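Given the structure is predicted, the values throughout are model-derived calculations rather than measurements.
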Amino acid sequence: MNPVPNLFPTIPDIRRLALIGEAPGKDEEYYGQPFVGQSGRLLSTLLSRAGIARESCFLGNISQTRPSNNDITTITWQGPEIQSGLATLREDLSRFKPNLVLLLGNVPLKAAKDPASPRGWPKKFLFSNAHWRGSLFRCDEAASPFHGFKCMATYHPAFCLRDYACTPFLQLDIRKAVRESSSSDLTLPQRTLVTSPSFVELVRFFYDILERKPKLGIDIEGGVGGISCIGFATSPTYAMIFPIVHRTGLSYWTKEQEVYLWRLAARVLEDASIPKVLQNSLYDRFVLHWTGGVRLIGTADDTMLKHWALYSELAKDAEKKKGRRGMGLAIQASIYTNEPYWKGDDFYEATEDEAFFRGCLLDATVTLEISNTLDEILNSQKPNTFLPVELSSMRTNYRFNMQMLNPLLYMELRGIPYNSALAKQRRADLQHQLYAEQAKLNAITGHGFSWTKKEEIFWQARTLLAKKAGTPSTFDHIADQSYANKRDDAAQLAQLMREPNPDIATMGLVENICGVSLNVDSTKQFNHYIYEVLNLPVQYSDDDDVPKPTSDYEALLKLSRICQQEKRYSAFLPVIQSAITIRALATRQAVLGASADND
């Protein structure tokens with residue numbers, strides 16, 4: 001295979017930006033230049049939108065040699081392909097002298113932060129692009145070709161082609177990179193974070209707040225089981241912790257001191273004249289009220305809702321999967337601030353007070369900084385990314401959502417009337433619909449029974465449910481001779497098979513019990529069917545450092561659109577729509593299974 005050399009700019013520009021990928025692909029090898037394939041065309045488009053020409057940038061790769069099957073993990077890190085590529089990259093970058101190196105993907109990030117790696121590839125990168133995208137840092141690894149340069153990580157455009165929902169983040173990161181490429185200076189926020197205040201210092205701090213009434217950034221750590229600490233930021237550059245318990249679980253203060261401090265903290269939090277800024281304020285307010293009996297009054301801003309007003313199309317990380325997408329604070333910090341990534345294991349799994357409390361204070365100060373930046377954007381009178389009419393609509397949306405917080409908190413605290421009997425009936429109705437939909441899916445995919453004779457059902461049930469030593473001759477006998485863990489299924493099947501004319505829902509339930517259904521919740525089975533049998537375009541998850549094929553709800557929605565838009569896949573639309581319906585029905589009936597409080 002022919003090496004693909006790194007490419008120097010051909011158009012002069014005061015901004016000196018280097019973009020580094022993993023390795024060349026088929027198109028790059030054919031043309032002898034990096035980033036000329038489909039991902040390169042996406043990169044060129046995003047660079048143009050950010051106001052810089054592709055020809056004004058340095059383009060390179062960690063390996064200048066195309067790996068087998070375009071999979072860089074087929075070559076070892078210490079092998080000649082990568083090591084010679086790193087050496088060439090070091091030499092070329094020393095000539096170009098970039099102001100910023102934009103690292104596209106996990107592999108270039110590894111070269112910047114973990115270059116002295118043993119042979120082989122880790123199952124999980126020590127420094128993940130999912131965490132570090134959008135973060136600025138100075139490379140301090142002497143073995144790295146980026147040593148001494150200002151760097152920033154982001155997604156590789158090829159990854160965005162597989163998961164297009166990540167493209168907005170790549171665009172935002174490129175805009176940031178272009179701004180930062182005007183200078184090699186690295187300007188990071190300087191914050192004073194008081195992580196171990198004395199009793200007297202904390203008392204004076206609270207009294208100062210009550211007197212001056214500054215806008216506060218607030219963050220709590222803990223939940224309804226107990227609050228560990230509360231961070232109070234009086235500015236984006238100064239914050240003090242109110243520690244409640246040590247990381248060991250022991251109380252931080254004497255009983256008398258803690259009571260006194262809680263009373264002062266409550267005065268601050270319940271003072272309506274002191275404006276407060278929080279990230280996802282509804283959570284903090286509920287926990288404080290439910291656990292500590294403290295009403296947080298005077299919520300002036302919620303950065304999650306404010307960010308949502310600007311970028312409501314971004315996916316919400318409902319399961320907080322590494323803060324990769326959506327409304328998370330780390331995501332916002334990567335867009336609106338220069339604070340490097342801090343919300344990793346060093347924070348959440350910290351065993352020392354200082355590290356944990358520092359993370360809480362960073363949350364509070366960063367929240368306040370983000371809110372101020374968002375105010376500048378929403379209230380801007382100058383031309384920017386958004387049109388005036390868009391900004392007006394965003395402000396209206398934000399105000400409405402803020403007005404909904406108090407009613408929602410009231411409902412959370414008081415609860416809502418819940419009719420368990422009706423919920424049980426509704427759940428049964430949904431289960432009936434679910435089994436009927438499962439029968440339809442089985443029929444169109446060839447996974448169900450023919451239902452022309454009961455013998456096929458009997459033999460399948462006997463194989464799956466009954467002990468091999470027995471020789472059952474009826475469904476009732478199968479129930480009598482079933483395995484202990486299959487007894488309920490066998491008894492239910494015997495009852496169902498007494499029906500002379502089973503409806504479609506009964507068919508779906510029988511097929512489920514007999515194990516012949518196409519299980520949409522089985523990743524292995526369902527992925528195999530839609531991607532290998534139907535040969536639909538593979539959808540990838542972004543929940544892991546290495547993307548994996550997925551058939552989650554979001555993937556099914558994408559496949560539904562593909563089946564509607566592309567004629568060659570249109571015949572498979574009923575399969576995808578049926579799977580979506582089954583997933584939705586299963587979720588709804590599971591929610592209705594929740595138990596209500598005694599009152």
Side-chain angles (χ1 to χ4, degrees), residues 206 216-233 239 241-253 255 257-271 276-299 301-305 316-323 326-330 343 345 347-351 353 355-364 367 401-402 404-418 420 423 587 590-599:
F206 282 141
L216 294 178
I218 304 289
D219 181 71
I220 72 167
E221 297 300 332
V224 293
I227 300 173
S228 304
C229 59
I230 308 176
F232 292 82
I241 200 75
F242 170 25
I244 300 166
V245 293
H246 290 286
R247 294 302 288 157
T248 59
L250 298 175
S251 180
Y252 198 92
W253 311 98
K255 189 174 183 178
Q257 287 175 328
E258 184 174 339
V259 169
Y260 189 85
L261 290 171
W262 261 116
R263 286 174 175 167
L264 271 180
R267 285 182 60 189
V268 170
L269 294 169
E270 295 185 343
D271 190 332
K276 288 95 176 174
V277 180
L278 297 95
Q279 159 72 9
N280 190 12
S281 62
L282 205 54
Y283 174 82
D284 296 60
R285 292 177 66 189
F286 176 81
V287 170
L288 283 166
H289 200 135
W290 185 269
T291 303
V294 177
R295 300 170 301 160
L296 197 156
I297 303 173
T299 304
D301 285 296
D302 187 316
T303 51
M304 184 178 76
L305 298 181
K316 186 178 186 300
D317 49 340
E319 298 179 27
K320 296 187 178 179
K321 295 175 179 175
K322 303 178 184 177
M327 304 295 108
L329 187 64
K343 295 177 77 69
D345 293 345
F347 171 29
Y348 290 113
E349 298 181 12
T351 57
D353 289 345
F356 187 73
F357 295 157
R358 176 179 172 80
C360 179
L361 293 178
L362 275 171
D363 284 357
T367 295
N401 285 333
M402 287 295 294
M404 291 299 297
L405 292 178
N406 283 342
L408 289 170
L409 179 62
Y410 180 84
M411 286 187 278
E412 281 189 326
L413 292 167
R414 292 293 299 273
I416 57 175
Y418 188 77
S420 297
T587 299
V591 170
L592 287 169
S595 58
D597 294 335
N598 293 331
D599 61 349

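- With a 4.5 Å cut-off on side-chain heavy atoms, I241 and D353 do not count as touching.
- Looking at heavy atoms from C-beta onward, Y283 lies out of side-chain contact with L278 at the 4.5 angstrom threshold.
- The minimum heavy-atom distance between H246 and S251, with the atom names listed, is CD2-O, 3.5 Å.
- Side-chain N or O atoms of D219 include none that pairs as donor or acceptor with a backbone N or O of G231 at under 3.5 Å.
- A 4.5 Å side-chain heavy-atom check between F232 and F206 finds at least one atom pair inside the cut-off.
- Looking only at side-chain heavy atoms (C-beta outward), L408 and M411 come within less than 4.5 Å of each other.
- Closest of all the heavy-atom pairs between I218 and K276 is CG1-CG, 3.9 Å.
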Check against side chain to side chain contact (heavy atoms under 4.5 Å, CB included), V224 and F286: CA-CA 8 Å; V224 293; F286 176 81; 3.6 Å; yes

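- Rounded to the nearest 0.5 angstrom, M404 CE and L409 CG are separated by 12.0 Å.
- V268 has its side chain out of reach of F242: every pair of non-hydrogen atoms, C-beta onward, lies at least 4.5 Å apart.
- Between K343 and L362, the closest side-chain pair of non-hydrogen atoms is not below 4.5 Å.
- Of all heavy-atom pairs between G217 and A364, the closest is O-CB, 3.6 Å.
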Pair L282-M304, side chain to side chain contact (heavy atoms under 4.5 Å, CB included): steps then yes or no: CA-CA 10 Å; L282 205 54; M304 184 178 76; over 6 Å; no

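- Judged by distance alone, the side chain of E270 and the main-chain N or O of I297 form no donor-acceptor pair under 3.5 Å.
- Contact of the C229 side chain with the F356 side chain is registered, since non-hydrogen atoms from C-beta on lie closer than 4.5 Å.
- With rounding to the nearest 0.5 Å, the separation of CG in L216 from CG in L296 is 9.5 Å.
- Of the possible polar contacts, none joining the S228 side chain to the V245 backbone as a donor-acceptor pair under 3.5 Å is found.
- Looking at W290, its side chain never comes within 3.5 Å of a backbone N or O of G223 through a donor-acceptor pair.
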Intermediate values then yes/no, side chain to side chain contact (heavy atoms under 4.5 Å, CB included), I227 and W262: CA-CA 12 Å; I227 300 173; W262 261 116; 4.1 Å; yes

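- Atom CG of residue D363 and atom CG of residue L329 lie 5.5 Å apart, to the nearest 0.5 angstrom.
- Side-chain N or O atoms of D302 include none that pairs as donor or acceptor with a backbone N or O of Q279 at under 3.5 Å.
- Taking OG1 from T299 and CG from D284, the interatomic distance works out to 9.0 Å, rounded to the nearest 0.5 Å.
- Inter-residue side-chain proximity for R285 and L269 is flagged as unmet; no heavy-atom pair is nearer than 4.5 Å.
- Contact detail for C360 and I230: the closest heavy-atom pair is SG-C, 4.2 Å.
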